[in-house]
Amino acid sequence: LARGDGFPTNALHGWVRSLWRVADEFGPARFVVVFDHGEDRRKLELLPQYKQQRKEMPEALSRQLPYLRECTELMDLAVIDRADTEADDLIATLAHRMAEDGDEVLILSADKDLAQCVNARVRMLLPPASSRGKAGLTVLDETGVEDKFGVPPAKIAEFLALIGDTSDNIPGIPGVGPKTAAKWLRRYGGLDGVLAHVDSLEPKRFRDRVGEGRNLLRRNQELVTLNPSLELPGMNRPRGNPEELLEFLAAMEMKGALAEAKRRLEEEKKAAPTEIY
């Protein structure tokens with residue numbers, strides 16, 4: 001998908017459809033989009049190789065990023081980011097504060113780190129894998145997290161410390177997979193218990209590996225534990241001018257999205273006003 005002059009718009013098309021799909025399916029009263037600058041100073045100090053294995057962003061996508069943000073704001077959605085902090089930690093802080101205020105919170109992300117935020121008021125929405133693109137969003141509550149990972153949300157960071165995270169270039173204990181990690185955490189109550197019983201771990205071949213990997217495990221735990229107590233930067237205020245969104249979509253030659261935006265605008269005019277965050 002591209003504009004007539006060749007400028008790519010595929011990400012923009014997918015982004016707009018995804019936001020509308022979430023709005024239709026779950027009807028959130030407030031909606032915050034968190035952007036990531038791709039670098040976290042604290043985590044790089046702990047592990048200089050953090051995320052270094054990742055390929056460069058495709059040029060077609062990087063060219064669309066400024067327009068993705070502009071489009072998000074034009075859709076009347078709040079936007080937040082911070083240059084030295086990953087989006088995960090900002091999301092964790094937002095979720096924690098909103099839940100404390102009595103909100104029911106939905107986190108839309110495929111990042112398993114965020115499963116540690118799930119509690120009685122916070123659930124996670126998992127997008128389908130690319131091979132199952134037409135499947136719906138999966139909702140994970142506390143029981144869902146435990147069913148998926150074998151441990152409750154409070155143990156997700158310890159779970160990831162043991163198995164590592166290849167997507168973030170975090171090495172775990174060699175050979176320790178999800179089932180073994182979950183079994184140990186259930187049996188010994190947590191990472192402290194695993195380390196306290198290193199001489200009785202099963203299978204036996206892991207005893208030396210875990211014992212020698214104490215420092216690695218502690219570092220991993222610090223890396224993957226999200227900070228729910230950040231000082232948040234100010235959010236943009238939604239622009240509140242739907243005509244600007246229509247002009248943007250027309251300029252990007254996104255005809256289907258433009259027609260859908262007009263339809264939605266007409267429906268909103270007929271409906272009772274709703275809260276905008």
Side-chain angles (χ1 to χ4, degrees), residues 34-54 81-82 84-97 99 105 107-119 122-127 140-142 144-196 198 201 206 209-230 232:
V34 184
F35 279 82
D36 192 304
H37 287 268
E39 186 171 288
D40 189 300
R41 186 175 14 181
R42 180 184 69 86
K43 294 180 181 180
L44 285 170
E45 288 173 355
L46 286 168
L47 180 64
Q49 298 80 25
Y50 184 64
K51 291 187 176 180
Q52 280 190 359
Q53 90 291 0
R54 293 192 179 186
D81 61 353
R82 199 167 90 175
D84 61 347
T85 305
E86 283 191 328
D88 292 0
D89 290 295
L90 295 174
I91 292 170
T93 298
L94 282 165
H96 178 72
R97 293 188 184 176
V105 181
I107 298 174
L108 173 56
S109 176
D111 195 328
K112 51 186 173 291
D113 290 6
L114 287 162
Q116 65 192 270
C117 300
V118 173
N119 57 38
V122 179
R123 291 175 293 162
M124 197 169 171
L125 300 180
L126 294 180
L140 289 187
D141 56 11
E142 292 173 285
V145 169
E146 190 157 6
D147 289 342
K148 182 175 179 62
F149 297 103
V151 295
K155 298 299 177 185
I156 287 293
E158 294 162 287
F159 172 79
L160 294 175
L162 282 162
I163 68 171
D165 189 342
T166 55
S167 67
D168 289 343
N169 208 28
I170 300 174
I173 299 296
V176 174
K179 290 184 179 179
T180 299
K183 180 182 70 175
W184 289 346
L185 293 171
R186 288 195 301 268
R187 180 168 183 178
Y188 300 113
L191 191 57
D192 287 340
V194 171
L195 292 173
V198 68
L201 292 178
F206 290 123
R209 296 181 199 178
V210 173
E212 294 166 2
R214 288 175 182 270
N215 292 337
L216 175 143
L217 288 169
R218 293 304 187 193
R219 182 206 63 193
N220 285 0
Q221 186 176 8
E222 188 173 355
L223 274 169
V224 299
T225 299
L226 300 178
N227 183 355
S229 304
L230 290 176
L232 292 172

Stepwise, does the side-chain contact (heavy atoms from CB on, under 4.5 Å) test hold for Arg54 with Asp168? CA-CA 8 Å; Arg54 293 192 179 186; Asp168 289 343; 2.7 Å; yes

Lys148 atom NZ: more than 12 heavy-atom contacts under 6.0 Å: no

Given side chains that start at C-beta, do those of Met124 and Val145 come closer than 4.5 Å, heavy atoms only? no

Which residues share a side-chain contact (heavy atoms from CB on, under 4.5 Å) with Arg218, sequence neighbours left out: Leu191, Asp192, Leu195, Gln221

Taking all non-hydrogen atoms of both residues, which atom of Ile163 and which atom of Ala181 are closest, and how far apart? CG2-CB, 3.6 Å

Is there side-chain contact between Val194 and Glu158, with at least one heavy-atom pair below 4.5 Å? no

At their closest point, which heavy atom of Phe149 faces which heavy atom of Phe159, and how far apart are they? O-CE1, 3.6 Å

Chi angles and distances behind the side-chain contact (heavy atoms from CB on, under 4.5 Å) call for Leu162, Leu185: CA-CA 10 Å; Leu162 282 162; Leu185 293 171; 4.0 Å; yes

Rounded to the nearest 0.5 Å, what separates atom CG in Leu230 from atom CZ in Arg82? 5.0 Å

Asn169 side chain near Lys51 side chain, heavy-atom distance below 4.5 Å: no

Scanning both residues in full, the closest heavy-atom pair of Gly150 with Ala182 reads O-CB, 3.8 Å

Could you pull out the closest heavy-atom pair between Asp81 and Phe35, with the gap in Å? CB-O, 3.3 Å

Exam field: side chain Asp84 to backbone Arg41, donor-acceptor pair closer than 3.5 Å: no

Is a side-chain N or O of Asn220 found less than 3.5 angstrom from the main chain of Pro171, in a donor-acceptor match? yes

Sorted by chain and residue number, the side-chain contact (heavy atoms from CB on, under 4.5 Å) partners of Ala95 (sequence neighbours excluded) come out as Val105, Ile107, Val122

I'd like to check Lys112 versus Asp165 (side-chain heavy atoms, cut-off strictly below 4.5 Å). Are they in contact? yes

Is the side chain of Gln116 donor-acceptor paired with the backbone N or O of Asp113 at a distance under 3.5 Å, no angle test? yes

Of all heavy-atom pairs between Pro127 and Ala110, which one has the smallest distance, and what is that distance? CD-N, 3.8 Å

Check step by step if side-chain contact (heavy atoms from CB on, under 4.5 Å) holds for Arg42 and Asn227. CA-CA 11 Å; Arg42 180 184 69 86; Asn227 183 355; 5.6 Å; no

May I ask you to decide if Val224's main-chain N or O and Lys43's side chain share a donor-acceptor pair within less than 3.5 Å? no

Could you give me the CA-CA distance, side-chain angles and deciding distance for Ile170 and Leu160, then say whether side-chain contact (heavy atoms from CB on, under 4.5 Å) is met? CA-CA 9 Å; Ile170 300 174; Leu160 294 175; over 6 Å; no

With side chains defined as the heavy atoms from C-beta onward, is the minimum distance between Ile156 and Val118 less than 4.5 Å? no

Which pair of heavy atoms, one from Cys117 and one from Leu226, lies closest together, and at what distance? SG-CD1, 4.0 Å

Tell me whether Gln53 contacts the main-chain N or O of Thr166 through its side chain, where contact means a donor paired with an acceptor under 3.5 Å. yes

